[in-house]
S.K.: 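Here it is: the structure, laid out below.
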Amino acid sequence: MSHDESYTAEEISKLLKISKLTVYDLIKKGDLPAYRVGKQMRVDASDLEAYKQKSKGQTVSPTPVPLVQPFAEHNNAFPSTLPSAAMFQAMPGVRPFVITGQDMSLDILANHLEQQLEGMRPLRSYAGSLDSLIRMYRGESDIVSTHLLDGDTGEYNLPYIRKLLVGMPLIVINLLSRNAGFYVAKDNPLQLQAWPDLSRPGLRLINREQGSGARVLLDEQLRLHGIQADRLIGYDQVLANHLSIAAKVASGEADVGIGTEKTASIVSGVTFVPLIKERYDLVVLNTAANRTLIDSLLSIVRSEPFKQELRAMSNYDLSLTGQILFES
């Protein structure tokens, strides 16, 4: 084994005869030092050999932990729970924190936080709204974003936050609001205008993954309108982001998908049918250790430079941006 080599997680899983999930778990815990090249996490051959020898009970000299890049590309190929804090254990005085969610506004936020906070470094993790809250409950994320509709109350996010993060000290801050609705073919030839239209015979749906805000929105609307999911063509066909959903509709492979207005504006061949304005909120643990982080977060999201960047992206409603919606 050449010590100049490096391996991907998939290659390591084959070499060690373990699952890729186990490999990422080892990376996250800091047992297997890793770094990012493009969209892939890689492990040097020397670090892999050191891990193997350590696993055999032999003493090895410590290997420096390389610095992971703070921002991942959207829809990256590796699991959205990134090796985060473990990557910084060898960097005294640097505290990493993880921002979880998929909207591009979070990348802008992470950039502002990195510039403002000394001794702290943001890492981005890409996951759906429900999964993001679960990761906060597990201690895997410091700031999470969520857009989850509770169909019974018409309320966004707070009912889910109260149920999933029971007893945890929290602060919920609005980041933005945005329109959600149907992606349909250009000029909407099927004239899909409302949720009950999904029950039309022969209509081909393309769905989002479980745990995403768009999937929760769809499932709640199906429940409220008495539409059986198992009768929808394509309900079990899922893609992991708004862009892929819009592209599938634009190609004619599906008649309708659920997503946000912003994505429709950048995909040709798609018309957007607005159906609901969803609130996109941030959740942070309201602890003394996070006081500096919370203060900086509030300062940034309320600042005009940050809002100007969001306005430049269009299709965002900033009327509630920076408001504290819940605090415990």
S.K.: How would you list, by chain and number, every residue that makes a side-chain contact (heavy atoms from CB on, under 4.5 Å) with Val256, sequence neighbours excluded?
M.R.: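 For Val256, the residues satisfying side-chain contact (heavy atoms from CB on, under 4.5 Å) (neighbours in sequence not counted) are Phe182, Val184, Leu192, Leu198, Leu203, Leu205.
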S.K.: Salt bridge between Arg135 and Asp142, side-chain N to carboxylate O under 4.0 Å?
M.R.: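 Answer for the salt bridge query: no.
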S.K.: Consider only side-chain heavy atoms of I, L, V, M, F, W and Y, link residues closer than 4.5 Å, and tell whether Leu224 and Leu218 are in one cluster.
M.R.: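 Unlinked, Leu224 and Leu218 end up in two clusters.
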S.K.: Regarding Asp44 and Ser46, do their side chains bring together a donor and an acceptor under 3.5 Å, going by distance alone?
M.R.: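 Short answer, no.
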S.K.: Within the distance-only criterion (no hydrogens, no angle test), does the side chain of Lys262 pair as donor or acceptor with the backbone N or O of Met313 below 3.5 angstrom?
M.R.: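 It does hold such a pair.
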S.K.: Roughly how far apart are Ile108 CD1 and Gln308 CD, rounded to 0.5 Å?
M.R.: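 Rounded to the nearest 0.5 Å, the CD1-CD separation comes to 12.0 Å.
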S.K.: Indicate yes or no for a side-chain donor-acceptor contact from Asp197 to the backbone of Ala194 under 3.5 Å, with no hydrogens or angles considered.
M.R.: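 Between the backbone of Ala194 and the side chain of Asp197 there is a qualifying donor-acceptor contact (under 3.5 Å).
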S.K.: Would you mind reporting whether Tyr183 and Ile258 have side-chain heavy atoms less than 4.5 Å apart?
M.R.: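 In short, these two side chains do not touch, never coming nearer than 4.5 Å.
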S.K.: Hey, could you give me each pair passing ring pair (Phe, Tyr, Trp, His ring centres under 6.0 Å) that has a residue in residues 293-328? Not counting sequence neighbours.
M.R.: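 As it turns out, the ring pair (Phe, Tyr, Trp, His ring centres under 6.0 Å) pairs with a partner in residues 293-328, which skip direct neighbours, are His112-Phe306.
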S.K.: With a 4.5 Å limit on heavy-atom distance, are the side chains of Leu282 and Leu109 in contact?
M.R.: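 Side-chain contact under 4.5 Å: yes.
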S.K.: List for me each residue that meets salt bridge (Lys or Arg N to Asp or Glu O under 4.0 Å) alongside Glu304, sequence neighbours excluded, and say none if there are none.
M.R.: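 Partners of Glu304 by the salt bridge (Lys or Arg N to Asp or Glu O under 4.0 Å) criterion, ordered by chain and then number, come out as Arg311.
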S.K.: Less than 3.5 Å apart, any donor N or O on the side chain of Asn241 or Ser244 sitting next to an acceptor on the other?
M.R.: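 There is such a pair between these side chains.
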S.K.: Output yes when a side-chain donor or acceptor of Asn290 lies under 3.5 Å from a complementary backbone atom of Leu293, and no otherwise.
M.R.: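 A pair under 3.5 Å: no.
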S.K.: I'd like to know whether CZ of Arg231 has more than 12 heavy-atom contacts from other residues, nucleotides or ligands below 6.0 angstrom.
M.R.: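 Not more than 12 within 6.0 Å, no.
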S.K.: Verify side-chain contact (heavy atoms from CB on, under 4.5 Å) between Glu253 and Ile206, making sure each step is shown before the conclusion.
M.R.: CA-CA 9 Å; Glu253 297 175 69; Ile206 185 69; over 6 Å; no
S.K.: What residues form a ring-ring contact (aromatic ring centres under 6.0 Å, His included) with His147, not counting sequence neighbours?
M.R.: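 Partners of His147 under the ring-ring contact (aromatic ring centres under 6.0 Å, His included) test: Tyr280.
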S.K.: Quick one: side-chain contact (heavy atoms from CB on, under 4.5 Å) partners of Ser268, sequence neighbours excluded?
M.R.: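 For Ser268, no residue satisfies side-chain contact (heavy atoms from CB on, under 4.5 Å) once neighbours in sequence are set aside.
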S.K.: Flag the pair Asn315 / Thr260 as yes when at least one side-chain heavy-atom distance between them is below 4.5 Å, and no otherwise.
M.R.: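 When only atoms from C-beta onward are counted, Thr260 and Asn315 do not touch, as no gap falls below 4.5 Å.
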S.K.: To the nearest 0.5 Å, what is the distance between OG (Ser105) and CD (Glu309)?
M.R.: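 It comes to 11.0 Å.
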S.K.: Kindly say whether Arg215 contributes a backbone atom to a donor-acceptor pair with the side chain of Ser212 at under 3.5 angstrom?
M.R.: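 Confirmed, Ser212 side chain pairs with Arg215 backbone.
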S.K.: Quick check: does any side chain N or O of Asn174 sit under 3.5 Å from a backbone N or O of Thr321, one acting as donor and the other as acceptor?
M.R.: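 Checked: pair present.
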S.K.: Whether the Thr100 and Ser132 side chains hold a donor-acceptor pair (N or O, under 3.5 Å, no angle test) is what I'd like checked.
M.R.: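 No, no side-chain donor-acceptor pair sits under 3.5 Å.
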S.K.: At their closest point, which heavy atom of Ala185 faces which heavy atom of Val249, and how far apart are they?
M.R.: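 Nearest heavy atoms, Ala185 then Val249: N-CG1, 3.7 Å.
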S.K.: Would the distance check show the side chain of Arg279 and the main-chain N or O of Tyr156 forming a donor-acceptor pair, the cut-off being under 3.5 Å?
M.R.: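 Present.
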S.K.: Report yes or no: do Ile245 and Trp195 belong to one cluster of Ile/Leu/Val/Met/Phe/Trp/Tyr joined by side chain heavy-atom distances under 4.5 Å?
M.R.: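 No.
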S.K.: Find the distance between CD1 (Ile161) and CE (Met136) and round it off to the nearest 0.5 Å.
M.R.: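 Here the interatomic distance stands at 9.0 Å.
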S.K.: How far does CE of Met120 sit from OG1 of Thr292, to the nearest 0.5 angstrom?
M.R.: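 Here the rounded value is 7.0 Å.
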S.K.: Check the pair Arg121 / Phe97 against side-chain contact (heavy atoms from CB on, under 4.5 Å), numbers first and verdict last.
M.R.: CA-CA 6 Å; Arg121 188 77 176 274; Phe97 60 95; 5.8 Å; no
S.K.: For Glu261, which residues count as a salt bridge (Lys or Arg N to Asp or Glu O under 4.0 Å) partner, sequence neighbours excluded?
M.R.: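 Residues passing salt bridge (Lys or Arg N to Asp or Glu O under 4.0 Å) with Glu261: none at all.
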S.K.: Show the nearest heavy-atom pair for residues Ile173 and Leu298, with the distance to one decimal.
M.R.: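 Heavy atoms only, the tightest pair is CD1-CD2, 3.5 Å.
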S.K.: To the nearest 0.5 Å, tell me how far Met104 CE sits from Gln102 CD.
M.R.: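 One gets 11.5 Å once the value is rounded to the nearest 0.5 Å.
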S.K.: Look only at the side chain of Asn286 and the backbone of Ser328, and say whether a donor-acceptor pair between them is shorter than 3.5 Å.
M.R.: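 Yes, Asn286 side chain to Ser328 backbone: donor-acceptor pair under 3.5 Å.
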S.K.: Which ring pair (Phe, Tyr, Trp, His ring centres under 6.0 Å) pairs, counting each pair once, include a residue from residues 233-263, with sequence neighbours left out?
M.R.: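 Qualifying pairs, neighbours excluded: none.
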S.K.: Once salt bridge (Lys or Arg N to Asp or Glu O under 4.0 Å) is applied, do any residues pair with Asp255, and if so which ones, sequence neighbours excluded?
M.R.: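 Only Arg204 meet the salt bridge (Lys or Arg N to Asp or Glu O under 4.0 Å) criterion with Asp255.
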S.K.: Please go through Val238's hydrophobic cluster and name the other residues, only I, L, V, M, F, W, Y counting, with side-chain heavy atoms under 4.5 Å joining them.
M.R.: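 For Val238, no cluster forms, as it stays isolated from other hydrophobic side chains.
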S.K.: In the single-linkage hydrophobic clustering (I, L, V, M, F, W, Y; side-chain heavy atoms under 4.5 Å), do Leu148 and Ile276 co-cluster?
M.R.: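 In one cluster: no.
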S.K.: Say whether Ile134 and Leu217 are linked into one hydrophobic cluster, either directly or through other cluster members, by side-chain heavy-atom distances under 4.5 angstrom.
M.R.: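 No, no single cluster joins them.
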S.K.: Write down the atom of Leu239, the atom of Glu209, and the distance for their closest heavy-atom approach.
M.R.: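 Distance-wise, the nearest heavy atoms are O-OE1, 3.2 Å.
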S.K.: Show the nearest heavy-atom pair for residues Glu278 and Ala180, with the distance to one decimal.
M.R.: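 Closest pair (atom of Glu278, atom of Ala180, distance): OE1-CB, 3.7 Å.
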S.K.: What residues join Ile233 in its hydrophobic cluster, counting side-chain heavy atom gaps under 4.5 Å, either direct or through other members?
M.R.: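 None; Ile233 is a cluster of one.
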S.K.: Any non-hydrogen side-chain atom of Leu175 less than 4.5 Å from a side-chain atom of Leu106?
M.R.: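 Counting from C-beta outward, Leu175 and Leu106 do come under 4.5 Å.
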S.K.: How close do Phe272 and Gly259 get, heavy atom to heavy atom, and via which atoms?
M.R.: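 Taking every non-hydrogen atom into account, CE1-O, 3.6 Å.
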S.K.: Just by modelled atom types, is the Ser296 backbone N or O under 3.5 Å from a matching donor or acceptor in the Ser299 side chain?
M.R.: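 Judged by distance alone, no pair lies under 3.5 Å.
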S.K.: Hydrogens and angles aside, do Ser6 and Arg42 bring a side-chain donor and acceptor to less than 3.5 Å of each other?
M.R.: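 Yes, side-chain donor-acceptor contact under 3.5 Å.
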S.K.: Checking the side chain of Arg124 only, and the main-chain atoms of Gly101 only, is there a donor and an acceptor separated by less than 3.5 Å?
M.R.: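 Answer holds: yes.
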S.K.: Under a 4.0 Å N-O cut-off, is there an ion pair linking Lys277 with Asp317?
M.R.: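 Counted as a salt bridge, because a side-chain N and a carboxylate O are separated by less than 4.0 Å.
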S.K.: Tell me the closest heavy-atom pair linking Leu149 and Tyr160, and the distance in Å.
M.R.: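 That closest heavy-atom pairing would be O-OH, 2.7 Å.
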S.K.: Quick one: OG on Ser145 to CG on Asp103, what's the gap to the nearest 0.5 Å?
M.R.: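 So the OG of Ser145 and the CG of Asp103 are separated by 7.5 Å.
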S.K.: Through direct or indirect side-chain contacts below 4.5 angstrom among Ile, Leu, Val, Met, Phe, Trp and Tyr, which residues connect to Leu320?
M.R.: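 When side chains under 4.5 Å apart are linked, Leu320 ends up in no cluster with other residues.
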S.K.: Do Leu113 and Ile143 come within less than 4.5 Å of each other through their side chains, counting heavy atoms only?
M.R.: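 Leu113 vs Ile143: side chains touch.
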S.K.: Is the shortest side-chain heavy-atom distance between Asn207 and Asp236 below 4.5 Å?
M.R.: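 A side-chain contact is absent here, since even the closest heavy-atom pair is not under 4.5 Å.
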S.K.: Could you tell me whether the side chain of Ser125 and the main chain of Ile99 form a donor-acceptor pair under 3.5 Å?
M.R.: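 No, Ser125 side chain to Ile99 backbone: no donor-acceptor pair under 3.5 Å.
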S.K.: Stepwise, does the side-chain contact (heavy atoms from CB on, under 4.5 Å) test hold for Asp219 with Gln210?
M.R.: CA-CA 10 Å; Asp219 287 344; Gln210 287 185 331; 5.9 Å; no
S.K.: Is the shortest side-chain heavy-atom distance between Ile12 and Leu48 below 4.5 Å?
M.R.: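 Result yes, sub-4.5 Å side-chain heavy-atom pair found.
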S.K.: Got a sec: does the CZ of Arg138 have more than 12 other heavy atoms crowding it under 6.0 Å?
M.R.: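 Incorrect, the count does not exceed 12.
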S.K.: Once salt bridge (Lys or Arg N to Asp or Glu O under 4.0 Å) is applied, do any residues pair with Lys14, and if so which ones, sequence neighbours excluded?
M.R.: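 Listed in chain order: Glu10.
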S.K.: Tell me, do Ile324 and Ile171 make a side-chain contact under 4.5 Å, heavy atoms counted?
M.R.: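 Yes, at least one pair of side-chain atoms sits under 4.5 Å.
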